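Note that the structure is predicted; figures quoted are calculated from it, not measured. Whatever order the structure lists them in is the order used to number ligands and atoms, beginning at 1.
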Amino acid sequence: MMNVLGIETSCDETSAAVVRSGKEVLSCETSSSLRFHSRYGGIVPEIASRKQLETISAVVDSAIKDSGLKLKQLDAIAVTDQPGLLGSLLVGISFAKAMSYSLDLPLLGVNHLYSHIYAALLDNRVKFPFIALIVSGGHTSLFFLEDFQRITLLGSTLDDACGEAFDKVAKILGLCYPGGPQIELLAKKGNPKKFKFACSNTERPFDFSFSGIKTAVLYLMRAATVNGVKKADIAASFQDSVFDTLAKKSFLACKAKKVKRLVIGGGVVANKKLREAFSLKAKEKGMEVFFPSIKLSMDNAAMVAGLGYQLLNKWRKNA
Ligand code: KG4
Ligand code: ZN
């Protein structure tokens, strides 16, 4: 039994969690500075890192208290060390380093994208190998995992990340930031077959491109006098087309690597329509698809602590 404290500060969330043996989430405390960025239409790195600095200490304290453990019952600390906003990352890394020195605990650096993959493994038993799709505000990537030390990048976005495309399309439609949840809500009232949007083709089959579809929405909005109903149709058509492309490429990657398991992670996986679209396709193809709980889809430290435990275990076995 091992208790790992996880710390995640790669963007606007300051999160700390204690996870037992890579599975049991004893506590997870997350504070977001999102409301301070909304008026700028996106994350302002300077504001994000300042807010990280203001909240990190209280968030970590609270996660440890909620876990019911004493400091001396912690066995390791895991912290997101890349990729992310430099100033924000530095706050978490410095804090984790100081704690690891003072408590004499091993410190593990965890990749943010891989921890998003691990989020689905906190709630599900998933056997290796599998394909993982990461769809967040900063990344859209397909990976092949033989285990957490043997990860191959199959493809990624050539322009916007998927979440970023949602945020930009939301802005074009006059919705506020972050746009992903707003588009999901609006799309519920719209007809997804009304407009024929398409994601651009890419030279390599597992890369993605979202800038073309974003521009198509922009031109349509400019050309038409759009009322509330039509906006909902645009949101629904855009969303459907993006999810269709994500699913096609992900299942194609499964076929290419001869695996029947697909794991999805990153903020966009909070979208229920995405889950429906993937679950339906997986059923048709006789494949399994795994999602994190909605709560653990967004940035959080439980996934960091969970992956940290696995890395520590592997490292100890090999030592
Ligand atoms: O993984 P995440 O929390 O942060 C990054 O690492 O980027 O992802 C945030 C992204 C934002 O672009 C947001 O608009 C998108 O995830 N997102 C969604 C939904 N909830 C969040 N996109 C579509 N539908 C949602 N329900
Ligand atoms: Zn993320």
If you measure from each non-hydrogen atom of Asn271 to ligand 1, which part falls under 4.0 Å: side chain, backbone, both or neither?
both

Are Lys168 and Glu164 within salt-bridge range, i.e. N to O under 4.0 Å?
yes

Considering only N, O or S atoms of Asp299, the one closest to the Zn ion (ligand 2):
OD1

Under a 4.0 Å heavy-atom limit, does Glu184 contact ligand 1 with its side chain, its backbone, both, or neither?
side chain

Proximal atoms of ligand 1 relative to Gly138 (non-hydrogen, under 4.0 Å):
7 (O)

Where ligand 1 meets Phe166 - atom numbers and elements under 4.0 angstrom, heavy-atom basis
23 (C)

Write down the atom of Ala270, the atom of Glu184, and the distance for their closest heavy-atom approach.
O-OE1, 4.1 Å

So which of Gly267, Ala165, Pro178 gets nearest to atom 17 (N) of ligand 1, if we judge by its closest heavy atom?
Gly267

Is Lys51 salt-bridged to Glu54, cutoff N-O under 4.0 Å?
yes

Is it true that Asp244 and Lys281 make a salt bridge, defined as a side-chain N closer than 4.0 Å to a carboxylate O?
yes

Of the backbone atoms (N, CA, C, O) and the side-chain heavy atoms from C-beta on, which set of His116 has a member under 4.0 Å from an atom of ligand 1: side chain, backbone, both, or neither?
side chain

Among Gly180, Gly163, Cys162, Gly42, the residue with a heavy atom nearest to atom 18 (C) of ligand 1 is Gly180

What do we get for Lys272 next to ligand 1 when only non-hydrogen atoms under 4.0 Å count, side chain, backbone, both or neither?
neither

Lys257 charged N/C atom sitting above Phe144 aromatic ring, 6.0 Å / 45°:
yes

Would His112 count as a contact for the Zn ion (ligand 2), in the sense that one of its N, O or S atoms lies under 2.8 Å from it?
yes

What protein heavy atom sits nearest atom 14 (O) of ligand 1, and how far away is it?
Asp167 OD1, 2.7 Å

For His112, is the nearest heavy atom under 4.0 Å from an atom of ligand 1?
yes

Is it true that His112 and Asp81 share a donor-acceptor pair across their side chains at a distance under 3.5 Å?
no

Among protein heavy atoms, which sits nearest to atom 2 (P) of ligand 1, and what does the distance come to when rounded to 0.1 Å?
Asp299 OD1, 3.5 Å

Where does the angle between the aromatic ring planes of Phe166 and Phe243 fall among parallel (under 30°), tilted (30 to 60°) and perpendicular (over 60°)?
parallel

Charged N-O contact under 4.0 Å between Lys230 and Asp233:
no

Under 2.8 Å from the Zn ion (ligand 2) - does any N, O or S atom of Cys11 fall there?
no

Heavy atom of Pro181 under 4.0 Å from ligand 1?
yes

Atom 9 (C) of ligand 1: of Ala170, Gly137, Gly266, the nearest heavy atom sits on Gly137

Go through the side-chain N and O atoms of Gln82 and Thr80 and say whether any donor and acceptor fall under 3.5 Å apart.
no

When you check the gap from the basic side-chain N to the acidic O, do Glu46 and Arg50 get nearer than 4.0 Å?
yes

